[in-house]
Amino acid sequence: MLDGLDPAALGADLHAGMRELYPLWRSITGDGLRTSLRLLQRRAPIELHEVPSGTRVFDWVVPREWNVRSARLLGPGGELTLDASRLNLHLLNYSVPFRGKVYLDELQEHLYSLPDAPELVPYRTSYYREAWGFCLSHAQRTRLPPGEYEVEIDTTLTDGSLTYGELVLPGAEEHEVLVSTHCCHPSLANDNCAGMVMCAELAHILAGMRHRYTYRFLFVPGTIGAITWLALNEGTAGRIVHGLVAACVGDAGPLTYKRSRRGDAEIDRAAVLVLQRSGAPHQVRPFTPYGYDERQYNSPGFDLPVGSLTRTPYGEYPEYHTSGDDPSLVIPEKLVDTLRRYLEVFEVLEGNSVYRNLQPKCEPQLGKRGLYGPVGGQSHAATGQMAMLWVLNQSDGTRSLLDIAERSGVPFPDLARAARALQNAGLLRDERSVPGGSV
Amino acid sequence: MLDGLDPAALGADLHAGMRELYPLWRSITGDGLRTSLRLLQRRAPIELHEVPSGTRVFDWVVPREWNVRSARLLGPGGELTLDASRLNLHLLNYSVPFRGKVYLDELQEHLYSLPDAPELVPYRTSYYREAWGFCLSHAQRTRLPPGEYEVEIDTTLTDGSLTYGELVLPGAEEHEVLVSTHCCHPSLANDNCAGMVMCAELAHILAGMRHRYTYRFLFVPGTIGAITWLALNEGTAGRIVHGLVAACVGDAGPLTYKRSRRGDAEIDRAAVLVLQRSGAPHQVRPFTPYGYDERQYNSPGFDLPVGSLTRTPYGEYPEYHTSGDDPSLVIPEKLVDTLRRYLEVFEVLEGNSVYRNLQPKCEPQLGKRGLYGPVGGQSHAATGQMAMLWVLNQSDGTRSLLDIAERSGVPFPDLARAARALQNAGLLRDERSVPGGSV
Amino acid sequence: MLDGLDPAALGADLHAGMRELYPLWRSITGDGLRTSLRLLQRRAPIELHEVPSGTRVFDWVVPREWNVRSARLLGPGGELTLDASRLNLHLLNYSVPFRGKVYLDELQEHLYSLPDAPELVPYRTSYYREAWGFCLSHAQRTRLPPGEYEVEIDTTLTDGSLTYGELVLPGAEEHEVLVSTHCCHPSLANDNCAGMVMCAELAHILAGMRHRYTYRFLFVPGTIGAITWLALNEGTAGRIVHGLVAACVGDAGPLTYKRSRRGDAEIDRAAVLVLQRSGAPHQVRPFTPYGYDERQYNSPGFDLPVGSLTRTPYGEYPEYHTSGDDPSLVIPEKLVDTLRRYLEVFEVLEGNSVYRNLQPKCEPQLGKRGLYGPVGGQSHAATGQMAMLWVLNQSDGTRSLLDIAERSGVPFPDLARAARALQNAGLLRDERSVPGGSV
């Protein structure tokens with residue numbers, strides 16, 4: 001699928017897109033979020049949805065909209081101590097507006113730092129309890145002189161709406177593949193500017209291809225956004241038959257697949273197959289009800305088969321949720337590598353039919369159809385011949401091509417090619433009678 | 001459950017109880033057995049049952065009752081060679097009465113010793129074939145001078161009864177947990193004076209607690225006692241849903257769980273979970289139709305889910321069934337450790353409900369209920385929060401807390417605590433509507 | 001079963017039989033094939049079947065019959081370059097007749113050699129495309145002088161028939177055990193003169209025994225022969241409940257079992273049990289739709305439980321399908337070892353009944369029936385007693401002796417012996433009420 005693309009150019013392009021998103025003021029609501037989604041519209045026609053504050057979404061309520069004009073902390077001598085316009089992580093996300101003077105002792109209760117990583121500024125939020133605060137490096141915090149500080153937090157927290165982006169690519173079937181990514185983090189590059197731009201690019205690529213499944217891309221604020229979408233789209237959710245949550249897609253770590261709650265859903269098996277066949281180091285993890293929005297999609301009332309394909313997973317790299325997660329952490333080649341694996345997973349899902357061998361008694365004579373070499377006696381069949389023999393032997397109407405790939409060790413694309421050749425020779429029938437083609 | 005107890009004091013107390021049992025004349029019938037059970041009544045109100053000799057119990061018959069007044073062997077010069085009042089293992093258990101003179105050659109056919117462990121006196125029995133004999137160390141045997149020996153075995157073998165002890169602790173449910181231990185071995189400390197006293201103490205502790213299950217403790221002569229109880233209590237046996245056979249509970253070896261015939265019964269999974277989470281070395285063994293009375297409980301006509309939790313198992317320590325199994329082999333701390341694991345297994349059984357998440361669509365908002373920290377952005381949830389997320393995610397009415405513990409790796413007590421907190425918050429319902437509480 | 005035989009004498013005899021077959025002109029049809037089968041008739045009354053050329057067999061057609069009078073290649077100076085009467089591999093199998101002069105350049109298109117194994121002559125065939133050719137060592141090929149060569153291939157390719165051998169040994173049951181071996185290879189000793197002679201000897205041994213199953217031995221030309229038999233015997237094929245494909249049975253490599261398509265059929269489990277209990281190095285391989293005629297028996301329209309028990313498998317020894325596979329590659333003791341394992345597999349299949357314990361509640365009292373030692377207290381039961389306890393414990397009418405062997409680790413023959421003793425004591429009933437005895 002990437003055959004026509006230049007990996008180096010694509011990597012540079014994705015990285016540039018990620019850097020463009022990086023400085024914006026994102027949160028679970030607000031204009032920074034809207035602007036970010038509009039930037040992504042240059043890659044793919046993402047539609048923006050607005051859900052009013054106060055809307056009940058299951059056990060939750062859409063919060064008031066949060067916007068930031070500026071946020072500064074001035075020291076006892078009037079010196080500029082912190083300025084969120086330089087690094088938006090400095091402001092506790094969802095801080096209520098506050099302007100006033102506080103002594104250092106009281107200020108300390110509003111400061112967040114990391115004693116174990118004294119040079120990094122942490123990312124902290126207070127969505128559901130009204131608070132204000134600043135995040136800073138522990139090194140800077142320990143150097144703060146005593147005295148009276150001036151706090152200038154010019155934010156608004158008002159009735160407005162929660163914004164999310166959605167893009168649907170209709171396929172030959174109504175059954176859907178969900179790709180969901182969170183878009184609420186401020187200046188964190190790998191988590192998740194990289195994921196946002198990669199998902200938009202995936203949508204762009206798929207839009208140019210025929211596909212069997214309908215693909216739905218969601219760009220949602222973490223937790224509340226996914227919950228909001230599910231609450232407002234319960235019927236649609238029932239059409240989702242495979243799904244992936246994308247995040248942390250550009251760091252140097254190995255690809256990591258976290259299984260869905262079901263554990264052995266088709267998406268799980270497809271992703272594991274792709275990683276195993278990649279030949280590259282990778283990890284496969286069991287499901288846990290923690291991490292990104294797979295938490296919501298896999299809640300027992302939905303139990304959607306949604307896994308998560310990341311590089312270094314949630315919380316497991318030292319720069320995670322700190323100022324260290326800056327654009328230098330994201331590597332262009334890794335972005336392309338992750339994108340390629342997503343496409344390979346889609347390729348398996350698309351091609352995973354159940355076939356029936358129409359000449360099931362003994363092997364058909366492949367030679368007379370030009371599908372088998374004429375000279376016998378060699379001990380090893382060519383790859384394409386082995387793929388045909390596997391497809392013929394296993395295709396009794398109960399086993400999918402993915403089953404056959406797992407059992408045989410033959411690469412999925414070879415099996416798919418063999419199945420097409422055998423179909424063309426009239427030896428095989430697609431039991432699912434899929435009208436569409438492949439990705 | 002042991003929170004209120006002093007392990008050191010409890011260990012000393014159990015050890016003293018074991019030493020008190022040690023010298024008594026026990027067998028599968030007789031007064032030594034009765035006296036032993038009456039000693040245990042000081043810990044728990046064990047009821048003694050008497051089953052007359054000649055009673056048919058399935059394929060077996062309750063044997064005549066055996067009692068011993070004395071048993072001595074005098075040498076050619078009239079010297080006292082063996083005296084069973086010093087070590088009751090010296091008398092072949094169930095020896096018929098015999099008084100007479102025999103030359104050494106003939107005597108040899110009535111002697112039992114261990115050439116491979118020449119300092120130890122073996123334990124041997126002849127329940128079902130009339131015989132008399134002595135057991136002695138091989139060292140002594142090889143030094144026996146030739147000549148005529150005087151045998152004085154003053155035993156009785158008469159119609160009487162087989163005695164067993166039983167204690168039932170009614171719970172909220174009729175379903176029963178069986179704890180069975182054999183009580184027929186004479187001076188063998190680990191096998192099984194230790195088991196007898198530990199089981200009596202377990203009954204004492206459980207008697208002071210509310211519990212969901214009914215607990216049935218059996219103190220039975222090995223094989224014939226278990227068969228007798230099963231034959232006379234077939235209806236009751238059908239109420240046993242979990243069971244453990246206790247023996248060898250005080251030696252220095254690691255805890256060892258032997259699975260039931262079913263292999264993956266709830267008792268098997270609970271015991272394995274407890275041992276795995278203990279952090280201590282342990283072994284898990286598959287079922288075999290050999291060992292202690294699990295042989296009878298797991299016979300195919302009953303197939304009760306009864307495993308066996310011991311320290312070094314049946315036959316696997318060098319002092320096994322010899323005079324070397326004396327009180328010094330039993331370590332007070334190990335007695336307490338074994339008892340603690342039994343209680344932990346009961347804790348899992350008691351708490352192992354199936355729950356239903358009453359807000360199954362997406363996660364409920366734990367924060368507004370005070371169940372979740374207010375500041376976001378940290379990458380790791382606290383243990384209690386992870387336990388709640390697991391319980392919520394998995395509780396779709398089909399999975400038990402034990403299922404969740406196995407899948408999540410979260411300690412069972414944390415999950416039980418989380419389930420209670422979520423029940424109190426109205427987010428969870430116990431699908432088995434257990435009226436009782438926990439141990 | 002081999003108790004009455006002298007392994008050394010048997011090995012020598014099998015090896016001599018193999019050497020006798022070695023030089024004959026075999027192919028998938030023709031007189032060399034007929035002569036080979038008639039030689040085997042000296043061991044067992046194999047019946048020869050002739051299927052006319054042109055017969056449609058599923059997707060295939062029985063080819064014209066091929067016979068060879070001579071085949072020579074003369075060099076530019078008239079020197080004898082290749083003579084197939086010295087090594088029949090020199091002639092491309094199924095070469096059409098050709099007589100004429102060709103220059104070296106053109107000749108090269110008709111030559112087959114192995115650049116990576118320059119001293120060996122390859123075995124090559126052209127059954128389904130009309131061609132002529134020679135096989136020779138690459139060393140010789142590189143030394144061929146330029147000039148005009150004279151080709152004298154005196155073969156016939158005419159309407160005739162395909163020959164296969166069949167031998168049926170009726171048992172107490174109609175259900176059949178299939179043993180199939182290919183008999184079409186010319187001068188290749190291990191593949192498969194050794195298999196042909198071993199199968200004939202197996203038939204000879206079984207003919208002298210009572211057995212429960214009907215045994216069917218097939219000596220068929222590879223691929224087309226198995227397809228022909230299946231096409232003409234579809235009804236019979238349905239009676240095959242276990243099967244093995246035999247080939248490469250005499251080389252020095254370890255025994256290798258390749259599972260059937262089902263993967264865990266009774267034949268698979270029996271073969272794996274025998275290999276595991278043999279104590280010798282061995283391999284167990286998953287099914288693949290490549291190799292010998294298990295390809296046809298395991299095609300999805302038949303899906304017969306047919307595995308393959310070989311020594312070094314198909315294509316995995318360096319001499320495979322070359323002149324290096326000569327009689328020196330076959331070792332008499334290995335021939336006997338392989339034959340012994342086949343008989344052990346049959347022993348498991350024959351003895352694998354499902355029994356029912358007629359005293360299922362608690363253990364029966366084995367002692368009073370003389371089946372258990374009278375003196376108690378020893379910690380380990382004798383092997384025979386353990387076998388009886390396992391059979392009694394597991395025989396609830398749902399588990400076979402093979403199930404019990406797998407679970408217990410007790411050798412199958414011990415279990416079979418215990419089952420007979422328990423049957424004789426009236427404690428066990430054979431649920432399959434098999435009239436026949438054991439091999």
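Every chain is numbered from 1 and lettered A, B, ... according to where its sequence line falls, protein lines coming before strand lines.
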Requested in this report: Could you have a look at B/Y112, B/Y297, B/F287 and say which one has the most heavy-atom pairs with chain C under 4.5 angstrom?
Outcome: B/F287

Query raised in the report: When heavy-atom pairs shorter than 4.5 Å are enumerated against chain C, which of B/G133, B/S299, B/P289 gives the highest number?
Result: B/P289

Query raised in the report: When you measure from the side chain of B/S53 to the backbone N and O of B/P63, does any donor-acceptor pair fall under 3.5 Å?
Result: yes

Query raised in the report: When the aromatic ring centroids of C/Y257 and C/H282 are compared, is their separation below 6.0 Å?
Result: no

Report task. Could you tell me which portion of B/R261 (side chain, backbone, both or neither) has an atom closer than 4.5 angstrom to a non-hydrogen atom of chain C? Result -> both

Query raised in the report: Is C/N357 reaching over with its side chain to a backbone N or O of C/N393, donor-acceptor style, under 3.5 angstrom?
Result: no

Query raised in the report: By a 4.5 Å heavy-atom criterion (distance strictly below it), what part of C/R369 contacts chain B: side chain, backbone, both, or neither?
Result: side chain

Query raised in the report: Is the ring centre of B/Y314 less than 6.0 Å from the ring centre of B/Y320?
Result: yes

Query - Side chain, backbone, both or neither of C/Q359 within contact of chain B (heavy atoms, under 4.5 Å) - result: side chain

Query - Top contributor to chain C interface from B/T223, B/T125, B/L230, B/T288 [non-hydrogen pairs under 4.5 Å] - result: B/T125

Query raised in the report: Between C/V306, C/D303, C/D268, which is the residue that forms a side-chain contact (heavy atoms from CB on, under 4.5 Å) with C/S260?
Result: C/D268

